[in-house]
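The structure appears right after this line, and notes come after that.
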Amino acid sequence: MATPLVIRDRNVMRKLILTNRTMGRRIGFVPTMGSLHAGHTSLVDQAVAECDDVVTSIFVNPSQFGPQEDFEQYPRDFDADFNLLAQHDVRWIFAPDVHEMYPPGDSTRIEISGPAEPYEGTLRPGHFSGVATIVFRLLQAAPSHAVYFGAKDWQQVLVVRKMVHDLKLDVEVVTCPTVRDTDGLALSSRNTYLSKSERKRAPTIYAALEQAEQNWCQGLAIDTIEQKLKDMLSAKEIQIDYADIVHTESLKKISEVSPNTPAIFLIACRVGSTRLIDNILLPSQALSSC
Ligand code: PAF
């Protein structure tokens with residue numbers, strides 16, 4: 001496997017990609033904030049399987065963190081990330097510094113309504129504006145055929161899709177399955193914040209989502225399904241920010257189990273002081289996939 005080339009400059013990155021595009025190569029892009037784990041490498045592997053060349057960005061984006069959030073303490077280990085990406089056939093690593101992406105005096109932001117408003121949008125004001133702004137700028141620097149995101153950040157995927165649609169960006173947005181540890185905990189860079197005892201409790205999040213899926217298939221009322229999940233998490237002292245069954249696209253709350261409605265159970269919660277999100281797609285009973 002070839003050693004990835006590290007590029008720090010937006011224009012250099014853009015020229016390289018455009019040159020390779022003119023040679024007929026299909027480019028896949030995996031944006032990340034580093035601190036890479038098997039969730040990220042699964043995105044890379046899918047991109048490698050579907051494209052000729054893969055570019056991964058490593059950039060901890062300040063504009064998507066609120067003032068009280070963990071921007072400063074967010075884990076950073078460029079060498080470990082580089083070595084991991086080298087094992088996964090990434091051709092280019094785009095690793096700009098903050099001024100490269102946000103030049104001094106920069107004040108331009110992308111604001112998206114609709115999917116960016118509820119849930120994370122309400123609890124983390126400005127978060128999705130920061131995400132959309134950086135994804136747009138990264139796509140300018142790395143104008144790729146396809147960009148890969150994990151389904152764990154379901155709302156983020158909807159926000160990026162909306163931006164791509166509204167701004168007619170010429171890129172395919174690919175959503176890849178959530179990768180989980182053997183005990184079910186969704187992989188996240190923030191899992192490193194968990195103490196030993198918190199890490200033991202955290203798999204309850206997915207266990208509760210799986211229980212909810214079973215209850216959904218048994219036809220229990222939505223309120224009951226949600227309450228049972230909340231009870232299971234409360235028993236492990238996991239604090240819930242939200243836990244709602246919603247329409248997969250509109251994110252509107254679903255009030256009745258209905259065979260044809262595409263539904264997802266979205267959850268954000270805190271284990272100790274670590275905030276984690278997760279979700280489970282609820283099978284369509286119309287297709288009797290329960
Ligand atoms: O999902 C992430 O890691 C970030 O939100 C992203 C898409 C890389 C933008 O900074």
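Predicted model only: the values in this text are computed from it and were never measured. Read the numbers this way: they start at 1 and go in the same order the structure lists the ligands and their atoms. Residue indices begin at 1 and follow the sequence shown.
Among residues two or more places apart in sequence or in another chain, the ring-ring contact (aromatic ring centres under 6.0 Å, His included) test is passed with F65 by F71, Y74. Taking D77 as the reference, D79, A80 meet the side-chain contact (heavy atoms from CB on, under 4.5 Å) condition, with sequence neighbours excluded. Checked against side-chain contact (heavy atoms from CB on, under 4.5 Å), K152 has the following partners two or more places apart in sequence or in another chain: T178, A186, S188, I277.
The cationic atom of R8 (NZ for Lys, CZ for Arg) does not lie both less than 6.0 Å from the six-membered ring centre of F94 and within 45° of the ring axis.
Within 6.0 Å of the NZ atom in K236, the count of heavy atoms belonging to other residues, nucleotides or ligands does not exceed 12. In E256, the CD atom is not crowded: 12 or fewer heavy atoms of neighbouring residues, nucleotides or ligands sit closer than 6.0 Å.
Within 4.0 Å of ligand 1, heavy atoms belong to protein residues P31, T32, M33, N61, Q64, I134, F149, Q156.
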